[in-house]
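Below is one structure; the comments refer to it alone.
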Amino acid sequence: MVSAYTKALVTLAVLLLAPASLAVNDGLDHHADSKVLKDFTFDDGSVLDLRQHYYTLGSPRRGDDGRVNNAVLIMHGTTGSGDGFLSDHFAGVLFGEGQLLDASRYYIILPDAIGHGLSSKPSDGLRARFPKYTYDDMVRAQYRLLTEHLDVDHLRLVTGTSMGGMMSWVWGYTYPQFMDALLPLASLPVEIAGRNRMTRKMIIDAVTDDPAWNGGDYEEQPPALKEAMYGLLFMVSSPLQYQLQAPTRESAEALMDTLVERYRSRIDANDLIYAFDASRFYNPAPHLEKIQAPVLAINSADDQVNPPELGILERETARIPGARAVVLPITDMTRGHSTHSRPTIWGPYLAQLLAATAPEAPREKAPPPALLDTTDNAWDVKAPAQFQARFVTTEGAFTIQVHREWAPRGADRFYQLVRNGFYNGVHINRVMPGYIAQFGLSPYPAVTAAWKAITLTDDPAKASNTIGRVAFAMTGPDTRSTQVYINLGDNAQLDEEGFAPFGEVVTGMDVVERLYPLYGNNAGGGMRHGRQGPLEQGGADYVFTHYPLLDYIVNANVVGE
């Protein structure tokens with residue numbers, strides 16, 4: 001009998017390892033299909049009618065130049081498949097309404113690479129006689145799928161995780177004008193060598209040295225497939241998370257045994273060998289100068305496959321003009337190599353890349369003049385008795401229902417700020433789980449300075465500060481200005497202090513609860529903590545530099561206006 005504790009450990013470990021798809025997000029309308037690439041020629045000279053399987057969400061759109069302008073290619077890791085990106089912790093954070101890669105706006109393409117998923121692979125019948133494919137073959141097959149069968153002639157974004165991150169680099173120099181941006185995740189743009197290659201060879205040798213492998217012509221999976229899983233498990237492990245979740249000898253051994261058996265039973269030995277050997281000729285380093293698209297490469301410091309002490313990511317990325325390398329610090333939220341599949345962590349970086357490479361001009365350094373003129377008549381408009389304000393953030397969208405009768409002055413100010421674009425680009429700089437999520441300092445220091453003294457006379461607190469309720473922050477009587485907070489817990493004690501809710505979150509409270517919390521009060525704290533000076537003076541540039549993982553508001557508007 002497997003204990004509930006062991007089941008919990010296995011659930012966590014599945015998220016860490018994740019070589020195959022997890023629970024699919026049933027709310028996503030996706031399409032699955034396969035196309036046959038006739039007479040596909042591999043780098044080893046083999047020719048095959050190659051089955052290329054894929055999943056799509058959304059529909060392609062074309063710009064004034066006739067090219068597709070909304071296609072996003074996302075490529076999976078070694079032994080994975082495209083449907084792995086349909087899981088709740090990936091698709092549920094990126095592809096939904098109001099999220100960064102909203103499938104109603106983007107055409108999302110999730111291919112199964114050669115040798116993986118439902119695409120052609122050794123276990124289909126050829127076994128060890130299957131062509132010895134490479135990453136270059138994989139990328140070329142995907143290019144043919146896009147151009148010959150999906151009628152996609154341009155990509156808004158190319159990204160991928162682990163092996164998919166490495167293929168992102170290959171895409172960048174092989175088809176340099178085909179994409180607007182590159183986001184390689186958990187990868188390095190150099191030859192697979194050192195411990196990385198050693199571990200891959202251990203996995204391969206564990207199988208091929210077993211007499212039961214029989215040159216690939218086995219009737220049953222060779223027993224050594226179990227030993228091969230040991231190397232795979234450690235490649236993608238997170239020392240911190242494994243220690244936290246398996247702190248005793250018994251729990252650690254139970255977790256290992258269960259994981260090894262789970263993954264051994266889900267993979268074919270020949271497919272495994274081919275998948276890990278496909279990287280043998282991978283080496284973008286001599287070709288990096290060919291890359292033309294903006295690059296933002298993201299790794300994590302607890303990645304056992306690409307450890308940060310190598311310094312490779314920063315060194316090689318610096319060779320590409322304008323490219324940027326990011327190594328996420330180890331936190332309770334990172335998951336080692338598998339941090340690549342946690343967009344709830346690196347989403348703000350994706351948002352920055354999308355904004356910087358959008359057809360429209362990026363954010364101007366100078367603020368909109370209307371936000372600086374606090375005497376304009378726009379700031380005297382009264383709010384309707386009820387209205388909704390929709391906030392699209394780097395974590396997703398949420399909607400606030402405002403009730404003017406609860407706090408008339410607060411409701412009017414909030415209405416004015418939202419409809420005039422004050423909150424666009426504002427970071428949610430204080431997230432305290434179980435307490436509040438606070439925002440309202442402008443990305444433009446001049447705007448923050450202009451509004452600091454434009455305060456409101458207090459409203460009596462008529463509604464209570466329960467979960468989801470929204471109110472203006474303040475330092476004392478009559479000090480409300482532009483900063484608001486959303487209650488993440490039952491904060492009835494704030495009622496006695498005069499904090500007057502004017503609205504409540506009616507949709508997207510799950511988004512609010514996912515806002516990045518680990519900076520706590522360090523990223524400015526509350527108005528009464530006296531830590532907001534650097535944010536006020538440095539604006540968004542300061543936050544992006546010092547607190548880059550903070551979620552921020554992409555845009556906010558009054559619904560129906």
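None of these values were measured; they are calculated from a predicted model.
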Where is the tightest heavy-atom contact between [X] and [Y], given as atom of each residue plus distance?
X      : Y      : result
Asn283 : Glu191 : OD1-N, 3.1 Å
Gly160 : Ser168 : N-OG, 3.4 Å
Ala128 : Gly215 : CB-O, 3.4 Å
Gly172 : Leu182 : CA-CD1, 3.6 Å
Met138 : Ala278 : CE-CB, 4.3 Å
Asp551 : Pro348 : OD1-CG, 3.8 Å

Below 4.5 Å, heavy atoms only, C-beta onward: do [X] and [Y] meet side chain to side chain?
X      : Y      : result
Tyr516 : Val431 : no
Leu157 : Tyr106 : no
Tyr263 : Leu272 : no
His89  : Thr344 : no
Met235 : Asn196 : yes
Leu188 : Glu316 : no

- Query: Taking Tyr54 as the fixed residue, which of Lys35, His149, Gln142 is the one that meets the side chain to side chain contact (heavy atoms under 4.5 Å, CB included) rule?
  - Reply: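 Result for side chain to side chain contact (heavy atoms under 4.5 Å, CB included) with Tyr54: Lys35.
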In Ile203, Val260, Val207, the residue satisfying side chain to side chain contact (heavy atoms under 4.5 Å, CB included) with Leu225 is Val207
With distance as the sole criterion, is a donor-acceptor pair present between the side chains of [X] and [Y] under 3.5 Å?
X      : Y      : answer
Tyr274 : Lys121 : no
Asp43  : Thr134 : yes
His116 : Thr79  : no
Thr174 : Arg140 : no
His337 : Asp302 : no
Asp210 : Tyr218 : no
Gln52  : Ser34  : no

Which distance, rounded to the nearest 0.5 Å, do you find between the [atom1] of [X] and the [atom2] of [Y]?
X      : Y      : atom1 : atom2 : answer
Met75  : Tyr135 : CE    : OH    : 11.0 Å
Leu183 : Leu354 : CG    : CG    : 8.5 Å
Tyr173 : His287 : OH    : NE2   : 4.5 Å
Asp44  : Asp137 : CG    : CG    : 7.0 Å
Asp153 : Leu146 : CG    : CG    : 9.5 Å
Thr394 : Gln352 : OG1   : CD    : 9.0 Å

Can a donor-acceptor pair be found, under 3.5 Å and without considering hydrogens, that links the side chain of [X] to the backbone of [Y]?
X      : Y      : answer
Thr339 : Gly336 : yes
Ser87  : Gly84  : yes
His53  : Asp33  : yes
Thr331 : Met333 : yes
Tyr547 : Asn522 : yes
Thr258 : Leu255 : no
Thr161 : His340 : no
Asn70  : Arg61  : yes
Asp112 : Gly117 : no
Asp271 : Ser123 : yes

Is it the case that over 12 heavy atoms from other parts of the model lie below 6.0 angstrom from the [atom1] atom of [X]?
X      : atom1 : result
Gln177 : CD    : no
Glu250 : CD    : yes
Lys132 : NZ    : yes

Notebook entry, point to check: Step by step, would you call Asp180 with His154 a side-chain hydrogen bond (donor to acceptor under 3.5 Å, both in side chains)?
Noted result: CA-CA 8 Å; Asp180 292 334; His154 190 75; 2.7 Å; yes
Should the ring pair [X] and [Y] be called parallel, tilted or perpendicular, given that the plane angle runs from 0 to 90° and is split at 30 and 60?
X      : Y      : answer
Phe544 : His427 : perpendicular
Phe85  : Phe90  : tilted
Trp171 : Tyr143 : tilted

- Task: Apply the test ring-ring contact (aromatic ring centres under 6.0 Å, His included) to residues Tyr133 and Phe42: give CA-CA distance (whole Å), side-chain angles for both, the deciding distance (0.1 Å), then the verdict.
- Result: CA-CA 6 Å; Tyr133 64 83; Phe42 291 80; 7.3 Å; no
Next item on the list: Give the intermediate values and the outcome of side chain to side chain contact (heavy atoms under 4.5 Å, CB included) for residues Leu110 and Leu57.
Entry: CA-CA 9 Å; Leu110 313 171; Leu57 298 90; 3.9 Å; yes
message = Is there a salt bridge (charged side-chain N to carboxylate O under 4.0 Å, His left out) between Asp217 and Arg129? Walk through the geometry before answering.
response = CA-CA 10 Å; Asp217 290 325; Arg129 293 172 294 280; 3.5 Å; yes
- Item | Residues Arg51, Leu37; criterion side chain to side chain contact (heavy atoms under 4.5 Å, CB included); working and verdict | CA-CA 6 Å; Arg51 183 177 67 255; Leu37 308 181; over 6 Å; no
Check this for me: does any side-chain nitrogen of one of [X] and [Y] sit under 4.0 Å from a carboxylate oxygen of the other?
X      : Y      : value
Arg335 : Asp303 : no
Arg197 : Asp277 : yes
Lys38  : Asp49  : yes

Q) How far apart are the C-alpha atoms of Val68 and Leu150, what are their side-chain angles, what is the distance that settles it, and do they pass the side chain to side chain contact (heavy atoms under 4.5 Å, CB included) test? A) CA-CA 11 Å; Val68 172; Leu150 299 184; over 6 Å; no
Step by step, work out the side chain to side chain contact (heavy atoms under 4.5 Å, CB included) result for Leu48 and Leu126. CA-CA 11 Å; Leu48 187 72; Leu126 288 177; 4.2 Å; yes
Margin query: So, using side-chain hydrogen bond (donor to acceptor under 3.5 Å, both in side chains) as the criterion, who are the partners of Asp332 when residues are at least two apart?
Written below: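 Once residues adjacent in sequence are excluded, Asp332 has no partner under the side-chain hydrogen bond (donor to acceptor under 3.5 Å, both in side chains) criterion.
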